[in-house]
Amino acid sequence: MKRVITFGTFDVFHVGHVNILERAAALGEYLIVGVSSDELNFSKKQRYPIYSEQDRVKIISSLKFVDTVFIEESLEKKKEYIQAYDADVLVMGDDWAGRFDWVGDICKVIYLPRTPSVSTTEIIEIVKAI
Ligand code: C2G
C-alpha cells in the first residue's frame, strides 16, 4: 500500500487546497497530511493564520480522501515526519519546487502544479475590500 504525505497551512480552506489533496490521494492508497502549526505559520509569513490550528486540523480531517492528520511544527523536521508516518511519497505544490529535494533519499518527491487564480492571500484582500 503506497503511503503519500503532504504538508500545508490550509488556512481559509479553498478549492486549490481540495485539488492538491485530491491529486495527492490519487497517487497512493493512504494520505497523511501535516498541517502547519500557528507558530510555524507565524515564522514563515509573519502573521498568524485566520483559522486556528485546531480548526484547520478539524477541516482537513473531515475530508473523505484524507486518512491521517498531524500538526507540523517545523519545516526542518520533514524527514522525521516522513519516517514516523512511513511515507513513500512526498507531494507538494510547485510553489515549493526544489525546496524539499533533500528528502529524496528516503522517499519520492513530487511537485504538482498549483491551481491557478486562487490563494488565501487573495481571498483575504478581496474580503478586506468589501
Ligand atoms: N496550493 C495549490 N494551489 C493553490 C494554493 C495552494 O495547489 N492555488 C497548494 C500549495 O502548493 C501547497 C498546499 O496547497 O502544497 C497548501 O498550501 P498552503 O496552505 O499555502 O501551504 P504553505 O503555507 O505553503 O505550507 O511544509 C510545507 C508548508 O507547511 C507548506
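Atoms within each ligand, like the ligands themselves, are counted from 1 in listed order.
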Please state which protein non-hydrogen atom is closest to atom 19 (O) of ligand 1 and give its distance, to 0.1 Å? Phe10 N, 2.8 Å
For ligand 1, is Ser119 a contact, meaning one of its heavy atoms is under 4.0 Å away? no
Using a 4.0 Å cutoff against the non-hydrogen atoms of Lys45, which atoms of ligand 1 qualify? 20 (O), 23 (O)
Near Thr9, which atoms of ligand 1 are under 4.0 Å from a heavy atom of that residue? 18 (P), 19 (O), 21 (O), 22 (P), 23 (O), 25 (O)
Around atom 3 (N) of ligand 1, find the nearest protein heavy atom and jot down its residue, atom name and distance. Thr115 N, 3.1 Å
For atom 6 (C) of ligand 1, the protein heavy atom that lies nearest, with its residue and separation: Arg114 NH1, 3.4 Å
Atoms of ligand 1 less than 4.0 Å from Gly93 heavy atoms? 11 (O), 15 (O)
Val118 to ligand 1: N or O pair under 3.5 Å? yes
Are any of the N/O atoms on Arg23, whether in the backbone or the side chain, positioned under 3.5 angstrom from an N/O atom of ligand 1? no
Examine Asp94 against ligand 1 and note whether any of their N/O atoms are separated by less than 3.5 Å. no
Applying side chain to side chain donor-acceptor pair (under 3.5 Å), run through Asp11 and Thr120 and close with a yes or a no. CA-CA 7 Å; Asp11 191 29; Thr120 301; 5.9 Å; no
Given Ile50, which of Ile124, Asp55, Ile123 fulfils the side-chain contact (heavy atoms from CB on, under 4.5 Å) condition? Ile124
Tell me if the aromatic rings of Phe13 and Tyr51 count as close, with their centers under 6.0 Å from one another. no
Which part of Ile20 is near ligand 1, with near meaning a heavy atom under 4.0 Å away: side chain, backbone, both or neither? side chain
Within the 4.0 Å heavy-atom cut-off, what Val91 brings close to ligand 1 is neither
Tell me the protein heavy atom at minimum distance from atom 24 (O) of ligand 1, and give that distance in Å. Trp96 NE1, 2.9 Å
Summary of side-chain hydrogen bond (donor to acceptor under 3.5 Å, both in side chains) pairs that have at least one residue in residues 23-36, sequence neighbours excluded: Tyr30-Thr68, Ser36-Lys44, Ser36-Glu72
Looking at His17, Arg56, His14, Lys44, the heavy atom closest to atom 28 (C) of ligand 1 belongs to Lys44
Could you see which bit of Asp95 sits under 4.0 Å from ligand 1, with heavy atoms only: side chain, backbone, both or neither? side chain
